[in-house]
Number of protein chains: 2
Amino acid sequence: MEKQDLFSIIVMKAIEMKEVKDVTIYDIAKALDLSPATISRGLKDHPGIKKETKKRIVEAARQMGYQHNTFARNLRVRKTNTIGVIIPRLNSYFMSTVIAGMEKVANERGYNLIISQSQESVKKEIASVNTMYNSRVDGLLVSLAYDTENIDHFSALLKKEIPLIFFDRIAEHIQCTSIAIDNVKAGYEATLHLIDQGCRRIVYIGGNLKRNVYADRLKGYRLALMERELPQAPELVIINHMSEQEGSEAAQALMRMKPRPDGVFAANDTVAVTCIREFRRQGLCVPNDIAVVGFNNDPNSRVIEPNLTTVDYLGHEMGEIAAATLINTIEKKPSAHLNTLLLRHNLIVRQSSVRSHSTH
Amino acid sequence: MEKQDLFSIIVMKAIEMKEVKDVTIYDIAKALDLSPATISRGLKDHPGIKKETKKRIVEAARQMGYQHNTFARNLRVRKTNTIGVIIPRLNSYFMSTVIAGMEKVANERGYNLIISQSQESVKKEIASVNTMYNSRVDGLLVSLAYDTENIDHFSALLKKEIPLIFFDRIAEHIQCTSIAIDNVKAGYEATLHLIDQGCRRIVYIGGNLKRNVYADRLKGYRLALMERELPQAPELVIINHMSEQEGSEAAQALMRMKPRPDGVFAANDTVAVTCIREFRRQGLCVPNDIAVVGFNNDPNSRVIEPNLTTVDYLGHEMGEIAAATLINTIEKKPSAHLNTLLLRHNLIVRQSSVRSHSTH
DNA sequence: TTGAAAGCGCTAACAA
DNA sequence: TTGTTAGCGCTTTCAA
């Protein structure tokens, strides 16, 4: 009797607090007169459990509204099935396709994604890394912020051997795989294309040279000039934050140069598009007075007039590969011991750089 | 002696497996000759713990490299400190600022964000809800997919009283707060502006009327026409998927209409921009032959020529408010018992809709 | 101001 | 094929 009363009290309290307890494997065990261990096994694909039993377990679980408790499991197996993603910003078409690719693979393989934006600042990047570390992510996918100088803030993770993969904006580290495109080659091709169109005085506009994407594209630019024996003037290389504001300033500075440059290779489409707008505002003809090539194949590149020649690469694919490689590493799958993985890219030629023959 | 050996074996095994165990509050307790309970208290702001002791604990934790284990805590207190976010796509400037706002508030208040894209499909939306449910998020922020017909797939969450907040693309539900702008008013203002510029035959292009954003903007459009006693022709309302492809088809259909419309109000900037491109390709003059107004103030709206008149609203703010409201609900903070929260919006007038007086 | 002890829900080694 | 049992790391009630 006493027990009965105690039970009533508990139930009433539960109802009062509107906190009806979750169904656990113990409840199912009791209902089916089996042990919790059997239930646990039955709910997975454990070998050595009678088919019949398994069916009963799964059915009971469904009926009772059982919901797997990830945290108990995490605690027990010391694994979170969570991947951290740190990116500069997710407001570009490119990044959004990268994330979509990651999400696809992560979902397929039973992982969750925690996404954080560094807003292009190391400070926020460091904070994000720490949060991720404390959330005990199983692995980390990172594209570096604009002003990150070194990767010391990843050392705690690395010491613990938490897999870390860089993508797009990568860093060199023996422990880490990196995924990117061949930015040198892409920069080389873009510049060569401008030269082929008759440009002789070509400006490169890029960001912080600590970032591979900007440094490598510049290298490619230089390579092309060298190959075609065009002079390399230091004033033709402009380094800024690659924002709209600074892009427009760069365009204006450029138009004041004497002699005026006749070609621009900008390391992102935002700046390339801004340049075109400024040039046209000043009455210049793009591409005949000055030809422009961008980078990323942003949707903007097809809105601007004339349409922008740009370098395309597959964000979705990059995301998929990054996530798959990371998960393989986490699960110690025998993925090749690569250090750097390069994806395909493609120069898309549009009107902003194609000169009519007459101007040649 | 035997114990010693066993210990050695364990340590060696740990090293061999490269799985050095994490420091726990027990380790700190042992080192400081205190109980785990005291450590646990010392690590928080528990009242009734000597200042001196607390200091020692915090210092020891730091020195030993202690790292809080969220999962043990989650398991114990039945709370994950994780918020789920489901959005159609994150490839727009607007969405990315929304997410940034959410992230800011979540970080400040000690929550993590799990983000998932429905890719505009109910099917994926349902899958995401289930994943989130199983991850036991403390609350959910949702902007509905294009083709979601009802919100039954949220009923499990709702039954469990897991807070659910809709933003931007909202749904009505007694249990849920919604955050949006006054789309009727915005649509009304946009249309009125076109009328004021002399447009008399205005087309509305929007998406699925199940989505408030499209239905309400249409209402506003109708309201304005009614007020100014302009006729409402059914063929002037075009409903499609609001993609570039369908935007361009709509633009072409529109140009074949007789008499040709002289104004377009598109419920997003993608379609508005596409329309302008099509019109100009056919030799029409925007705004004099046909004026265009968009929605969202996407960066594209300032790239297209002529620059697009559009409705701006603050994504960052919307994200912040959504997250803050959700967390207040989760923590049962006395946030006002609101059902719908409307944010400010603003019609930004640019060249795509401003007609020279001569054409009036 | 601190400690002892129970238990959150699950898994896995070992036993049967 | 199934069960027993211990324990993952933490919090919290009750006791001291």
Side-chain angles (χ1 to χ4, degrees), chain A residues 10 13-14 17 19-58 60-61 64-81 110 134-136 138, chain B residues 6 9-10 13-14 17 19-58 60-61 64-81 110 134-136 138:
Chain A
I10 292 172
K13 201 173 169 189
M17 296 171 65
E19 216 181 79
V20 185
K21 266 194 51 180
D22 288 344
V23 180
T24 73
I25 53 172
Y26 283 88
D27 301 323
I28 304 178
K30 219 165 286 170
L32 258 49
D33 204 22
L34 285 168
S35 81
T38 306
I39 308 300
S40 174
R41 291 179 187 122
L43 256 19
K44 318 209 173 334
D45 281 333
H46 192 91
I49 204 108
K50 231 201 294 184
K51 257 200 178 157
E52 167 62 20
T53 318
K54 191 177 158 184
K55 217 158 139 190
R56 277 173 62 214
I57 292 173
V58 171
M64 300 172 68
Y66 170 77
Q67 200 195 346
H68 182 82
N69 188 322
T70 323
F71 301 98
R73 176 168 210 284
N74 285 346
L75 182 58
R76 183 60 231 244
V77 304
R78 284 135 169 266
K79 197 164 173 308
T80 64
N81 274 53
N134 284 321
S135 307
R136 283 190 169 59
D138 288 340
Chain B
L6 185 60
I9 290 169
I10 292 173
K13 199 170 171 192
M17 297 170 63
E19 216 182 78
V20 184
K21 265 195 51 180
D22 288 345
V23 180
T24 72
I25 53 171
Y26 284 87
D27 300 324
I28 304 179
K30 219 165 286 169
L32 258 48
D33 203 25
L34 285 167
S35 79
T38 308
I39 308 300
S40 173
R41 291 177 186 125
L43 256 19
K44 320 211 170 336
D45 282 333
H46 191 93
I49 205 110
K50 230 201 297 185
K51 255 199 181 157
E52 167 62 20
T53 317
K54 190 176 158 183
K55 216 158 137 191
R56 277 173 63 215
I57 292 173
V58 172
M64 300 172 67
Y66 170 76
Q67 202 195 344
H68 182 82
N69 188 322
T70 324
F71 302 98
R73 177 168 209 287
N74 286 346
L75 181 58
R76 187 55 232 245
V77 306
R78 293 142 158 254
K79 195 163 174 309
T80 64
N81 275 56
N134 284 322
S135 307
R136 284 192 165 59
D138 288 340

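First the proteins, then the strands, lettered A, B, ... as listed; each starts at 1. This one's a predicted model, so the numbers in the text were calculated from it and none came from an experiment.
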B:His68 and B:Leu43, any side-chain heavy atoms less than 4.5 Å apart: no
For residues 48-56 of chain A, which side-chain N or O atoms pair as donor and acceptor with protein atoms under 3.5 Å away, sequence neighbours left out?
unit_1  : atom_1 : unit_2  : atom_2 : d
A:Lys54 : NZ     : A:Asp45 : OD1    : 3.0
A:Arg56 : NH2    : A:Leu32 : O      : 3.3

Comparing nearest nucleotides in DNA chain D, the 5'-proximal residue of the pair B:His46, B:Tyr66 is B:Tyr66
List the steps, then state whether salt bridge (charged side-chain N to carboxylate O under 4.0 Å, His left out) holds for B:Asp22 with A:Arg78. CA-CA 10 Å; B:Asp22 288 345; A:Arg78 284 135 169 266; 5.8 Å; no
What are the atom names and distances for every N/O pair under 3.5 Å that joins the protein to nucleotides 13-16 of chain C?
unit_1 : atom_1 : unit_2  : atom_2 : d
C:dA13 : N6     : A:Arg41 : NH2    : 3.0

Need one value for A:Lys54: base, sugar-phosphate or nothing, where a base atom within 4.0 Å counts as base even if backbone is also close, heavy atoms only. nothing
Would you indicate what B:Lys51 reaches in the nucleic acid, counting non-hydrogen atoms under 4.0 angstrom: base, sugar-phosphate, or nothing? nothing
So, does A:Thr38 get its side chain near the phosphate of D:dG3, meaning an N or O under 4.0 Å from OP1 or OP2? yes
Residue A:Ala72, side-chain atoms from C-beta onward, closest of C:dT2, C:dC10, D:dC10: C:dC10
Taking only side-chain N and O atoms of B:Arg78, does any of them lie within less than 4.0 angstrom of OP1 or OP2 on C:dG9? yes
For B:Thr53 and C:dT1, is the shortest distance between a side-chain N/O and OP1 or OP2 below 4.0 Å? no
Reading DNA chain C from 5' onward, which residue's closest nucleotide shows up sooner: B:Leu75 or B:Gly48? B:Gly48
Heavy-atom check, side chain of A:Asn69 versus side chain of B:Leu75, under 4.5 Å: yes
Gap between atom OG1 of A:Thr38 and atom CG of A:Asp33 - 0.5 Å precision: 10.5 Å
Got B:Phe71 and A:Thr70 here, is their nearest side-chain heavy-atom distance under 4.5 Å? no
Would you mind reporting whether A:Gln67 and B:Asn134 have side-chain heavy atoms less than 4.5 Å apart? yes
Sugar-phosphate, base or nothing in reach of B:Ser40, heavy atoms under 4.0 Å: base
For B:Ile49, which contact category applies under a 4.0 Å heavy-atom criterion: base, sugar-phosphate, or nothing? sugar-phosphate
Closest nucleotide among D:dG3, D:dG9, C:dC10 to the A:Asn69 side chain: C:dC10
Length of the OH-C1' vector between A:Tyr26 and D:dA6, whole Å: 10 Å
